[in-house]
Protein chains: 2
Amino acid sequence: MSVNDVEHCDVVHKHADVVLKVHREMPDDDKLYDLAELFKVFGDSTRIRILFALFEEEMCVCDIADSLNMTQSAISHQLKILKQSKLVGNRREGKQIIYFLADDHVRTIIDQGINHIEE
Amino acid sequence: MSVNDVEHCDVVHKHADVVLKVHREMPDDDKLYDLAELFKVFGDSTRIRILFALFEEEMCVCDIADSLNMTQSAISHQLKILKQSKLVGNRREGKQIIYFLADDHVRTIIDQGINHIEE
DNA sequence: TCAACATATGAATAATTGTTCATATGTTGA
DNA sequence: TCAACATATGAACAATTATTCATATGTTGA
């Protein structure tokens with residue numbers, strides 16, 4: 001029994017080719033981790049709502065907070081996460097910081113999600 | 001000041017139209033919640049790896065556990081979540097339960113995620 | 001019917017995370 | 001330069017969650 005067989009059913013030999021194929025095609029841990037991190041960002045309804053707000057148009061933090069009826073601090077914390085994932089960008093305009101969608105993967109990913117839950 | 005203005009910057013009047021537009025276009029809470037729940041499922045690297053395994057072909061729980069070098073119990077718990085989100089389906093074949101991808105939104109969503117992180 | 005196998009599941013634990021509160025940073029107009 | 005405004009951020013708390021361990025459920029062949 002190989003050290004890799006943490007757990008193993010009796011078909012391990014019969015299905016060894018499947019296991020090998022999966023190993024061969026599985027992306028690197030780094031990539032898997034990054035992917036999961038990206039989807040985690042979409043996995044919070046506050047952040048989803050921020051993205052929906054920005055679908056309409058770019059906005060200052062304050063307008064997002066108003067639109068979502070949440071505190072400025074809560075929004076600011078979430079915007080930081082959205083920015084780190086490069087889902088939104090920002091620029092300063094005087095006292096305000098304007099946030100906007102970084103690209104349209106955001107829209108595509110959310111649309112696919114909607115497709116799925118609406119089936 | 002409206003009861004809806006939990007927090008408000010001084011441009012609340014100037015930007016009131018933006019806030020209204022966001023309100024108008026924002027999906028229902030139920031939908032937002034479901035969306036976030038769906039993406040949460042993608043937000044775990046174990047579940048992502050299970051999905052990548054199933055991209056190759058349908059498999060019994062045991063083969064997934066072998067492929068990912070994880071315990072049967074851990075995989076089983078995660079498969080339950082994937083099934084609840086209708087991302088995978090299963091059927092019994094004798095003693096084994098065969099899991100498979102439910103549809104190809106899964107692939108599309110993950111591909112979009114990959115596109116994003118690889119830019 | 002029973003032993004062996006495959007999978008599911010409940011409880012417990014450790015780790016992660018969203019919001020709040022208080023406060024810091026940075027900008028503007030007077 | 002300073003007060004008012006807009007945003008960011010660190011610490012703390014509550015809530016959620018992934019894995020482990022032990023065990024239950026369900027299937028098969030003898």
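Keep in mind it's a predicted model, so treat the numbers as computed, not measured. By convention in this document, chain letters (A, B, ...) are assigned in the order of the sequence lines, proteins followed by strands, and residues within each chain are numbered from 1.
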- request: Calculate the interatomic distance between A/Asp63 atom CG and D/dA6 atom P; express it in whole Å.
  value: 10 Å

- line: Looking only at heavy atoms, the pair that brings B/Phe42 and B/Val106 closest together is CE2-CG1, 4.1 Å

message: Closer than 4.0 angstrom, basic N to acidic O: yes or no for A/Asp17 and A/Lys21?
response: no

Pair A/Lys86 + B/Glu119: basic N to acidic O under 4.0 Å: no

- prompt: Who are the side-chain contact (heavy atoms from CB on, under 4.5 Å) partners of A/Asp34, not counting sequence neighbours?
  reply: B/Ile117

message: With a 4.0 Å limit, can you tell me whether B/Tyr99 has a side-chain N or O closer than that to the phosphate oxygens OP1/OP2 of C/dA8?
response: yes

task: Between protein and nucleotides 18-27 of chain C, map the contacts as a letter string: B base, S sugar-phosphate only, - none, heavy atoms under 4.0 Å, written 5' to 3'.
output: SBBBB---SB

query: If we fit an axis to the first five pairs and another to the last five of the helix from C/dT1-D/dA30 to C/dA30-D/dT1, what angle do they make, to the nearest 10°?
result: 30°

query: Does the pair B/Glu118/A/Lys31 count as a salt bridge with the N-to-O cut at 4.0 Å?
result: yes

query: Is the backbone of B/Ile97 close enough, under 3.5 Å, to the side chain of B/Arg92 for a donor and an acceptor to pair up by distance?
result: no

query: Can you tell me how far P of D/dT7 sits from CG of A/Leu82, to the nearest Å?
result: 16 Å

- prompt: To the nearest angstrom, how far is B/Ile64 atom CD1 from C/dA6 atom P?
  reply: 14 Å

task: Check the distance between D/dT7's P and A/Met59's CE and give it to me in whole angstrom.
output: 12 Å

message: For the backbone of B/Lys40 and the side chain of B/Arg47, can you confirm whether one donor and one acceptor N or O come within less than 3.5 Å of each other?
response: yes

query: Atom CD1 of A/Ile50 to atom C1' of D/dT7: distance rounded to whole Å?
result: 13 Å

field: Between C1' of D/dA4 and CD of A/Gln96, the distance in whole Å
entry: 14 Å

task: Could you tell me whether a side-chain N or O of A/Asp44 sits under 3.5 Å from a main-chain N or O of A/Thr46, the two making a donor and an acceptor?
output: yes

message: Tell me the interatomic distance from A/Leu79, atom CG, to D/dT7, atom P, rounded to whole angstroms.
response: 10 Å

query: What distance do A/Ser76 atom OG and A/Tyr99 atom OH have between them, rounded to the nearest 0.5 Å?
result: 5.5 Å

